[in-house]
> 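Okay, handing you the structure first.
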Amino acid sequence: MAQKQTLAGHLRTWLLVVCTSCLGIAHGNETVTVKGKIEKVDLFERTISVAVPGHEKPIDLELTRKTNIISKAVTVGPDAIKPGSDAIVKYNSKLMVASSIEFGPRLDVLNLEELNSPHKDFAPCVTSDGLEIFWASETVGRKSIYSIWSARRKSTDTLFGDKKQLFSGQAPVLSADGLEMLFRDSDSDSISLSTRKSRTEDFGRPVVVPSLSFPGLDPTPSWLTVDGLTLYLDLAKTNAKDVKKDAKECWVVTRDSLTSNWNPPTLVEVRFAEMPQDFHFDVATSTPDNLRLFCVSNHGMGILSRIEPAGPFTQWDEIHLTAPNGTPVHCMKHQYVPATRELFLSSNNLYADPATKRKRWGDLWVIKDFQPPVGISQK
């Protein structure tokens with residue numbers, strides 16, 4: 001018996017050596033990462049077999065409730081795993097339990113080079129047809145100054161053009177018809193409004209909205225619902241225990257009609273299964289039905305969902321984007337455009353060349369053919 005255990009130990013050691021030296025596979029402690037092809041899937045037994053180049057036999061692994069199954073950057077169920085799929089699998093080499101399985105084609109992440117500057121470009125806001133984009137850009141001097149820019153394109157197959165600098169400020173947010181823009185005022189802790197008569201015209205001179213003034217709370221608008229009656233915005237956390245001084249939380253302000261004043265802000269309520277005690281999020285963008293929020297939390301970027309368009313959000317689905325070096329993406333805001341199936345985002349670590357990251361703090365990006373996970377209201 002002891003001899004069999006020793007042989008098994010040697011076999012595990014040999015596998016680790018092959019994975020590391022021959023295939024360039026990374027591992028730490030007892031976690032091994034392999035690239036291979038899914039050969040068998042048994043959902044009843046909750047097992048998979050992975051054929052890996054250099055291995056005489058497929059690796060048999062167990063699936064558990066905690067196995068993270070990822071396809072195109074979103075979490076999916078075990079039934080989505082199909083034999084023949086190329087996959088990146090992480091597993092415990094002692095327990096032979098899969099901790100994560102990533103399969104399917106990689107996402108097409110594109111840099112919006114025609115828009116980005118040598119400095120910081122962030123907070124994209126795109127019209128519902130995907131043809132106009134607004135964002136904030138930094139001008140570096142003695143003191144950083146932020147300006148809002150706009151650009152247009154004729155179709156999703158063409159580049160954005162007609163790039164224009166509009167006015168000073170940041171965090172632009174559009175009404176559903178694209179005729180109103182709310183944004184963070186550059187000279188105060190207030191939110192300003194600019195309007196235009198049609199999509200073919202330029203925005204007019206901004207004015208501060210008196211009922212959207214938040215002294216000392218560093219307000220940042222992030223989304224305006226389709227009916228124009230609910231504004232998601234981020235306010236500085238006032239909890240003295242918070243580690244990051246600039247940490248923010250997502251709030252909402254509502255109004256009774258399009259011509260009435262905004263009411264005081266209320267914190268967006270979230271309670272989902274196994275929610276970490278310190279969970280908080282910001283830069284939320286809502287789906288048209290107001291059932292889902294694309295947002296960035298202190299536990300990664302993802303989507304919150306709920307069954308009704310009011311009340312607490314009760315499900316969290318992480319979006320698993322990784323930079324070229326394998327680290328999680330640092331996302332500063334993301335917006336999904338259903339009409340074009342594009343996910344727009346701002347990030348500072350998606351650059352393939354590390355030298356680029358040193359030159360630019362952040363850029364605008366787009367992911368083509370993005371498929372969000374199924375929300376709780378759709379199950």
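No experiment lies behind these values; they were computed from the predicted model shown.
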> With distance as the sole criterion, is a donor-acceptor pair present between the side chains of Asp185 and Ser192 under 3.5 Å?
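Short answer, yes.
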
> If you look at every heavy atom in Met301 and Glu318, which pair is closest and at what distance?
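So the two residues come closest at O-CG, 3.3 Å.
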
> Show your reasoning for whether side chain to side chain contact (heavy atoms under 4.5 Å, CB included) applies to Leu229 and Asp256.
CA-CA 7 Å; Leu229 302 180; Asp256 299 326; over 6 Å; no

> Evaluate the side-chain proximity of Pro309 to Leu291: yes if any heavy-atom separation is below 4.5 Å, no if none is.
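A side-chain contact exists here, since the closest heavy-atom pair is under 4.5 Å.
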
> So, does Lys120 use its side chain to make a donor-acceptor pair with the main chain of Ser117 at under 3.5 Å?
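Not a single qualifying donor-acceptor pair exists.
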
> Looking at side-chain heavy atoms only, is the closest gap between Arg292 and Pro372 below 4.5 Å?
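Yes, at least one pair of side-chain atoms sits under 4.5 Å.
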
> Between Ser211 and Trp262 (side chain of the first, backbone of the second, donor and acceptor by atom type, cut-off under 3.5 Å), is there such a pair?
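Flag set: sc Ser211 to bb Trp262 pair under 3.5 Å.
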
> Could you tell me which non-hydrogen atom of Trp251 sits nearest to which non-hydrogen atom of Leu267, and how far apart they are?
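Heavy atoms of Trp251 and Leu267 come nearest at CE3-N, 3.1 Å.
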
> Pro53 and Gly36: which non-hydrogen atoms are nearest, and at how many Å?
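Looking at all heavy atoms of both residues, the shortest contact is CD-CA, 4.4 Å.
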
> Can I get a per-line list of side-chain donor-acceptor pairs under 3.5 Å for residues 175-184, giving both atom names and the distance, sequence neighbours left out?
from, atom 1, to, atom 2, distance (Å)
Ser175, OG, Asp177, OD1, 2.6
Ser175, OG, Leu179, N, 3.3
Ser175, OG, Glu180, N, 3.0
Asp177, OD1, Leu179, N, 3.0
Arg184, NE, Ser188, O, 3.1
Arg184, NH1, Asp218, OD1, 2.5
Arg184, NH1, Pro219, O, 3.0
Arg184, NH2, Asp189, OD1, 2.8

> I want to check something: taking the side chain as every heavy atom from C-beta on, are Leu174 and Glu132 in contact at a cut-off of under 4.5 Å?
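Not touching, per the 4.5 Å side-chain cut-off.
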
> Does any non-hydrogen side-chain atom of Asp278 lie less than 4.5 Å from one of His299?
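Heavy-atom side-chain distance check passes, below 4.5 Å.
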
> Between CE of Met275 and OG1 of Thr314, what distance do you get to the nearest 0.5 Å?
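Between atom CE of Met275 and atom OG1 of Thr314 there are 11.0 Å.
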
> Would you say Ile81 and Leu61 are hydrophobically clustered, going by side-chain heavy atoms of ILVMFWY under 4.5 Å?
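Linked, Ile81 and Leu61 end up in one cluster.
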
> Minimum heavy-atom separation for Lys94 and Asn92, please, with both atom names.
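Nearest pair, atom of Lys94 first, then Asn92: N-OD1, 2.8 Å.
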
> Tell me which pairs pass salt bridge (Lys or Arg N to Asp or Glu O under 4.0 Å) where either residue lies in residues 337-352, with sequence neighbours left out.
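For residues 337-352, and leaving out neighbouring residues, the salt bridge (Lys or Arg N to Asp or Glu O under 4.0 Å) pairs sorted by first residue read Arg153-Glu342, Arg341-Asp369, Glu342-Lys368.
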
> Atom OG in Ser194, atom CD1 in Ile148: separation rounded to 0.5 Å?
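The distance works out to 8.5 Å.
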
> Any non-hydrogen side-chain atom of Thr127 less than 4.5 Å from a side-chain atom of Arg199?
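The answer is yes; the side chains approach within 4.5 Å.
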
> Is the shortest side-chain heavy-atom distance between Leu293 and Arg306 below 4.5 Å?
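Leu293 does not reach Arg306 side chain to side chain.
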
> With a 4.0 Å cut-off on N to O distance, would you call Lys333 and Asp234 a salt bridge?
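No, this pair does not count.
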
> Please find the pair of heavy atoms, one from Pro172 and one from Cys125, that lie closest to each other, and give the distance.
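Shortest heavy-atom separation between Pro172 and Cys125 comes out as O-CB, 3.4 Å.
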
> Would you check if Ile69 and Pro78 make a side-chain contact, meaning some heavy-atom pair closer than 4.5 Å?
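They are in side-chain contact.
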
> Phe122: what forms a ring pair (Phe, Tyr, Trp, His ring centres under 6.0 Å) with it, not counting sequence neighbours?
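Listed in chain order: Tyr146.
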
> May I have all residue pairs that pass ring pair (Phe, Tyr, Trp, His ring centres under 6.0 Å) and include part of residues 199-232, sequence neighbours excluded?
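Of all non-adjacent pairs touching residues 199-232, those that pass ring pair (Phe, Tyr, Trp, His ring centres under 6.0 Å) are Phe134-Phe203.
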
> Counting distance only, does the side-chain N/O of Ser85 pair as donor-acceptor with the main-chain N or O of Ile38 below 3.5 Å?
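No, the answer is negative, given that no donor and acceptor are paired below the 3.5 Å cut-off.
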
> Report the distance from atom NE2 of His280 to atom CD of Glu249, rounding to the nearest 0.5 Å.
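It is 6.5 Å, given to the nearest 0.5 Å.
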
> Give a yes or no on whether Val268 and Ile191 share a hydrophobic cluster (residues Ile, Leu, Val, Met, Phe, Trp, Tyr; joining criterion: side-chain heavy atoms under 4.5 Å apart).
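Hydrophobic grouping puts Val268 apart from Ile191.
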
> Are Ser137 and His119 close enough that a side-chain donor and a side-chain acceptor fall under 3.5 Å?
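No - no donor-acceptor pair under 3.5 Å links their side chains.
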
> Would you say that Met96 contacts Tyr91 through its side chain, given a criterion of any heavy-atom pair below 4.5 Å between the two side chains?
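Side chain of Met96 against side chain of Tyr91, heavy atoms only: contact under 4.5 Å found.
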
> Apply the hydrophobic cluster definition, ILVMFWY joined by side-chain contacts under 4.5 Å directly or through others, and give me every member besides Ile133.
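In the cluster with Ile133 are Leu110, Leu112, Leu115, Val126, Trp135, Trp149, Phe160, Val337, Phe344, Leu364, Val366.
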
> To the nearest 0.5 angstrom, please state how far the OG atom of Ser150 sits from the CG atom of Asp162.
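It is 6.5 Å, given to the nearest 0.5 Å.
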
> Count I, L, V, M, F, W, Y as connected when their side-chain heavy atoms are under 4.5 Å apart, and connections chain through other members. Are Leu304 and Leu321 then in the same cluster?
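Not linked; separate clusters.
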
> Looking at every non-hydrogen atom in both residues, tell me the closest pair between Asp363 and Asn111 and how far apart they are.
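Shortest heavy-atom contact: OD2-ND2, 3.0 Å.
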
> Tell me whether Arg255 contacts the main-chain N or O of Leu231 through its side chain, where contact means a donor paired with an acceptor under 3.5 Å.
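Not at all, since once roles are kept as given, no pair shorter than 3.5 Å links the two residues.
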
> Side chains of Asp42 and Thr47: is there a donor and an acceptor less than 3.5 Å apart?
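No, no side-chain donor-acceptor pair sits under 3.5 Å.
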
> Can you measure from CD (Glu102) to NZ (Lys35) and round to the nearest 0.5 angstrom?
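One finds 10.0 Å between CD of Glu102 and NZ of Lys35.
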
> Would you check if there is a donor-acceptor pair between the side chains of Asn349 and His330 at a distance under 3.5 Å?
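No, because no side-chain N or O of His330 sits under 3.5 Å from a partner of the opposite role on Asn349.
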
> Are Ile307 and Phe313 linked, directly or through intermediate hydrophobic residues, by side-chain heavy-atom contacts shorter than 4.5 Å (ILVMFWY only)?
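Not linked; separate clusters.
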
> When rounded to the nearest 0.5 angstrom, what distance separates CG in Leu217 from NZ in Lys237?
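Interatomic distance, Leu217 CG to Lys237 NZ, rounded to 0.5 Å: 13.5 Å.
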
> The test is side chain to side chain contact (heavy atoms under 4.5 Å, CB included); show your working for Tyr336 and Ile303 and say whether it passes.
CA-CA 11 Å; Tyr336 179 61; Ile303 305 172; over 6 Å; no

> Ignoring hydrogens and geometry, is there a side-chain-to-backbone donor-acceptor pair from Thr225 to Thr230 under 3.5 Å?
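Flag set: sc Thr225 to bb Thr230 pair under 3.5 Å.
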
> Using the rule that Ile, Leu, Val, Met, Phe, Trp and Tyr join whenever any side-chain heavy atoms are under 4.5 Å apart, tell me whether Val74 and Leu63 fall into a single cluster.
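As far as the 4.5 Å side-chain criterion goes, Leu63 and Val74 are connected within one cluster.
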
> Do other residues, nucleotides or ligands put more than 12 heavy atoms under 6.0 Å from Glu113 CD?
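No, the 6.0 Å shell around CD holds no more than 12 heavy atoms from other groups.
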
> With side chain to side chain contact (heavy atoms under 4.5 Å, CB included) as the criterion, how do Ser49 and Asp60 come out once you've worked through the C-alpha distance, each side chain's angles and the decisive distance to 0.1 Å?
CA-CA 4 Å; Ser49 296; Asp60 296 323; 2.5 Å; yes

> Which word best sums up how the rings of Trp316 and Phe279 line up, parallel for under 30°, tilted for 30 to 60°, or perpendicular for over 60°?
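It falls in the perpendicular class, over 60°.
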
> Would Thr67 and Arg46 count as a side chain to side chain contact (heavy atoms under 4.5 Å, CB included) if you check the C-alpha gap in whole Å, the side-chain angles of each, and the deciding distance to 0.1 Å?
CA-CA 11 Å; Thr67 301; Arg46 295 190 66 83; 5.9 Å; no

> Start with the C-alpha distance between Thr75 and Asp317, add both sets of side-chain angles, then the distance that settles side chain to side chain donor-acceptor pair (under 3.5 Å), and finish with yes or no.
CA-CA 7 Å; Thr75 300; Asp317 292 292; 5.7 Å; no

> List, by chain and then residue number, the residues other than Leu131 in its hydrophobic cluster (Ile/Leu/Val/Met/Phe/Trp/Tyr, side-chain heavy atoms under 4.5 Å); write none if there are no others.
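Members alongside Leu131: none; it stands by itself.
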
